[in-house]
Amino acid sequence: MPSVMQMTGLGRSTIYRLMAQQQFPCPVRLGARAVAWRRSELDVWSQTRPATSH
């Protein structure tokens with residue numbers, strides 16, 4: 001989760017909220033208490049996000 005948060009710039013609760021809304025890739029279960037996200041799915045998700053300017 002920390003690396004996903006760093007890569008996306010999103011907080012933990014925002015990631016879970018987007019997952020519940022089916023707007024963020026779902027994790028892959030690695031074990032009973034471990035999950036991970038596929039880098040390729042995060043890259044595709046990131047590329048489809050609208051760009052913002054500050």
Side-chain angles (χ1 to χ4, degrees):
M1 178 59 82
S3 59
V4 174
M5 291 169 56
Q6 182 178 15
M7 179 183 166
T8 62
L10 301 174
R12 180 183 310 270
S13 60
T14 302
I15 290 171
Y16 283 115
R17 180 176 48 80
L18 290 173
M19 284 172 41
Q21 297 171 351
Q22 298 180 348
Q23 296 178 4
F24 194 82
C26 289
V28 176
R29 183 159 301 281
L30 301 177
R33 294 179 42 153
V35 296
W37 280 261
R38 289 184 178 96
R39 177 67 185 243
S40 60
E41 291 180 3
L42 292 175
D43 288 340
V44 169
W45 175 85
S46 180
Q47 292 170 0
T48 61
R49 299 290 293 173
T52 60
S53 60
H54 296 284

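The figures here come from the full heavy-atom set of this structure, side chains too, leaving out hydrogens, waters and symmetry mates. Fair warning: this is a prediction, and the values are worked out from it, not measured in the lab.
Looking only at side-chain heavy atoms (C-beta outward), P25 and L42 come within less than 4.5 Å of each other.
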Review point. Q21 and L18: side-chain contact (heavy atoms from CB on, under 4.5 Å), yes or no, with the steps?
Key: CA-CA 5 Å; Q21 297 171 351; L18 290 173; 4.0 Å; yes
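From D43, atom CG reaches atom CE of M7 across 4.5 Å, with rounding to the nearest 0.5 Å.
In terms of modelled atom types and a separation under 3.5 Å, the side chain of W37 and the main chain of M1 share no donor-acceptor contact.
Cluster annotation: V4 and V44 are assigned to distinct hydrophobic clusters (Ile/Leu/Val/Met/Phe/Trp/Tyr, side-chain heavy-atom contacts under 4.5 Å, transitive).
For R17, the CZ atom is densely surrounded, since the number of other residues' heavy atoms within 6.0 Å is greater than 12.
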